[in-house]
Student: 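Attaching a single structure in structure tokens format; questions to follow.
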Protein chains: 2
Amino acid sequence: MMKQFQKTKKYYLGVLMSIDKKFIAEVFQNLDLQPNEVERIAATFELLDLKKGTILLHENEVVHDQYYVRSGCLRTYFNDVSGKEHTIQFAIKDWWISDYTAFFSTSKALLQIECIQDAQVYKISRKEMEVLYAEIPSLETFFRKKMEKGFAAFQKRILSNLSQPAKDRYYSFIKTYPNIEQSVKNYHIASYLGITTESLSRIRKEITS
Amino acid sequence: MMKQFQKTKKYYLGVLMSIDKKFIAEVFQNLDLQPNEVERIAATFELLDLKKGTILLHENEVVHDQYYVRSGCLRTYFNDVSGKEHTIQFAIKDWWISDYTAFFSTSKALLQIECIQDAQVYKISRKEMEVLYAEIPSLETFFRKKMEKGFAAFQKRILSNLSQPAKDRYYSFIKTYPNIEQSVKNYHIASYLGITTESLSRIRKEITS
DNA sequence: AAGCTTTCTTATCATAGATCAATTTTTTCT
DNA sequence: AGAAAAAATTGATCTATGATAAGAAAGCTT
């Protein structure tokens, strides 16, 4: 498949920057970064325009980057041996996305990252980010906290998969992520909940009646 | 239920320490800590002797601590509305355990921590650990990496729950955690795999035949 | 607007694993 | 060792969700 996204220009050394610094400051809003720190960070961010359908990361590619979503919608999913897709994560505005399991160890992707609504994302490499950790320690804390949230979300998901019927999990999903529900297809939601699209359809029918 | 564990004495300021510093150094073996750093850490560790059956943490208690297992075996589990137990994690020698979701935010426990084989554990408070992060930055990195591993394990579990039948999940479990298999009951394993003990029994029967 | 293509729905039948109810085996305690 | 408790097994039946197969509806494209 052709690459459907294009890179924006990138200028190093902070002389000229194509990326909106103000926006970068908002990404890390609670950190109270110094202007020079924001500039330093901005230099490592790369803005990408993605068309719906783009596969940003393919299975077995080494994962060097994570992405911050400015707009649009992406998801990570796993293709199992029987050809079924299992959605691990959706990401809309202000979410981070990657195959984190592979990202952390700079190893091969198990997941694919797919753009499911035209999107603008920042691409951030792990390597550059680790250099930044040393310069701006609060960044490491920022990402540690993100990770803690992600960990908690995964645990919650394991428990709801184990203890709740599909109908309850669907209710939780639309209640917890109303904005995501609007950006994705029902078959995406089904693959996230771990049911077939037919089962989801039956659940939805039950609800409306 | 009576408390079945007793605290060991604890001496502050590094004047006298009841806890084996050599052992502490091993906990963080890859960090290459200085002797004074080890001493500093040791002062925040509290050694507990636990009897099988002890509930170290009850649902709805605020979670201030995590535990490092020196010996024995513990598990965290969730009691769902219908009275079923769902095991989230087992911990044997050299594993860390807590209700991390609550631990990270110092909020109320959803899980219980149960000692399932007589154990010796170190208790480490989040608060003290965060002070240590500032003094010994490599500690924050150490725990971030642990978290990354835990995150990856959770993702793997979500995917295997969604894509594999119980039999395959059981095979993976005993292959991945042979040492845990020997320390826990089959009904613990069943509650980890998300099946009933009857189903696990049938799977085991199939294997032996 | 007509015709594709994608997405969603509906119906029928199949099945993994649950539930219920005993029973047997293993472990623990006195 | 023998009794009691805990854990594991087995059988019969039930149920939520899957698989398969059509169709209907919605969204794009020209």
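Computed from a prediction, not measured in an experiment: that's the story for all the values here. Sequence lines set the chain letters: A, B, ... in the order given, protein chains first and strands last, and positions in each chain run from 1.
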Student: Do you know which two heavy atoms are closest between A/Leu200 and A/Asn186, and how far apart they sit?
Tutor: CD2-O, 3.2 Å
Student: Whole angstroms only, please: what is the CD1-P distance between B/Ile116 and C/dT28?
Tutor: 13 Å
Student: Please report the distance, rounded to the nearest Å, between CD in A/Glu181 and P in C/dC8.
Tutor: 11 Å
Student: Please report the closest heavy-atom contact between B/Ile88 and B/Tyr192, naming both atoms and the distance.
Tutor: O-CE1, 3.6 Å
Student: Between OG1 of B/Thr87 and CG of B/Leu111, what distance do you get to the nearest 0.5 Å?
Tutor: 10.0 Å
Student: Closer than 4.0 Å, any side-chain N/O of A/Asn186 to the OP1 or OP2 of C/dC8?
Tutor: yes
Student: Does one side chain, of B/Ser138 or B/Thr141, offer a donor that lies under 3.5 Å from an acceptor on the other?
Tutor: no
Student: Hey, are A/Gln155 and B/Tyr100 close enough side-chain-wise for a donor-acceptor pair under 3.5 Å?
Tutor: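 There is no such pair (donor and acceptor under 3.5 Å, judged by atom type) between the side chains of B/Tyr100 and A/Gln155.
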Student: Output the rounded distance in Å from NE2 (B/His188) to C1' (D/dA8).
Tutor: 13 Å
Student: For B/Ile189 and D/dA8, what is the distance between atoms CD1 and P respectively, to the nearest whole Å?
Tutor: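 My rounded result for the distance is 8 Å.
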Student: Reading nucleotides 21-30 of chain D from the 5' end, what letters show protein touch, with B for base, S for backbone sugar-phosphate only, - for no heavy atom under 4.0 Å?
Tutor: B---------
Student: Using atom CD of A/Glu85 as one end and atom P of C/dT7 as the other, report the distance to the nearest whole Å.
Tutor: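 So the two atoms are 11 Å apart, to the nearest Å.
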Student: Write down the distance between CG (B/Leu162) and C1' (D/dA16), rounded to a whole number of angstrom.
Tutor: 16 Å
Student: Find the distance A/Tyr187:OH to C/dT6:P and express it as a whole number of Å.
Tutor: 9 Å
Student: Once you measure the plane-to-plane angle for A/Tyr68 and A/Tyr122, does it fall in the parallel (<30°), tilted (30-60°) or perpendicular (>60°) bin?
Tutor: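 Correct class here is parallel.
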Student: Which angle, rounded to 10°, do you find between the first-five-pair axis and the last-five-pair axis of the helix from C/dA1-D/dT30 to C/dT30-D/dA1?
Tutor: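 One end axis against the other gives 50°.
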Student: Applying salt bridge (Lys or Arg N to Asp or Glu O under 4.0 Å) as the test, list every pair that has at least one member in residues 142-155 of chain B; sequence neighbours left out.
Tutor: A/Glu140-B/Arg144, B/Arg144-B/Glu148
Student: Just say parallel, tilted or perpendicular for the rings of B/Trp96 and B/Phe28, cut-offs at 30° and 60°.
Tutor: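 Judged by the thresholds at 30° and 60°, the geometry between B/Trp96 and B/Phe28 is tilted.
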Student: Output one letter per nucleotide in nucleotides 12-18 of chain C: B when a protein non-hydrogen atom lies under 4.0 Å from the base, S when only the sugar-phosphate is that close, - when neither is.
Tutor: B----SS
Student: Scan for salt bridge (Lys or Arg N to Asp or Glu O under 4.0 Å) pairs involving residues 72-86 of chain B, sequence neighbours excluded, and state none if there are none.
Tutor: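 Residue pairs with at least one partner in residues 72-86 of chain B: B/Arg75-B/Glu85, B/Arg75-B/Glu114.
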Student: Can you list the residues that meet the side-chain contact (heavy atoms from CB on, under 4.5 Å) rule with B/Gln182, with sequence neighbours excluded?
Tutor: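 Checked B/Gln182 against side-chain contact (heavy atoms from CB on, under 4.5 Å); zero matches.
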Student: Just compare C/dT10, C/dT9, D/dT9 and give me whichever is closest to any side-chain atom of A/Thr197.
Tutor: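 Nearest listed nucleotide: C/dT9.
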Student: Do A/Glu198 and A/Arg202 have side chains that get closer than 4.5 Å, going by heavy atoms?
Tutor: yes
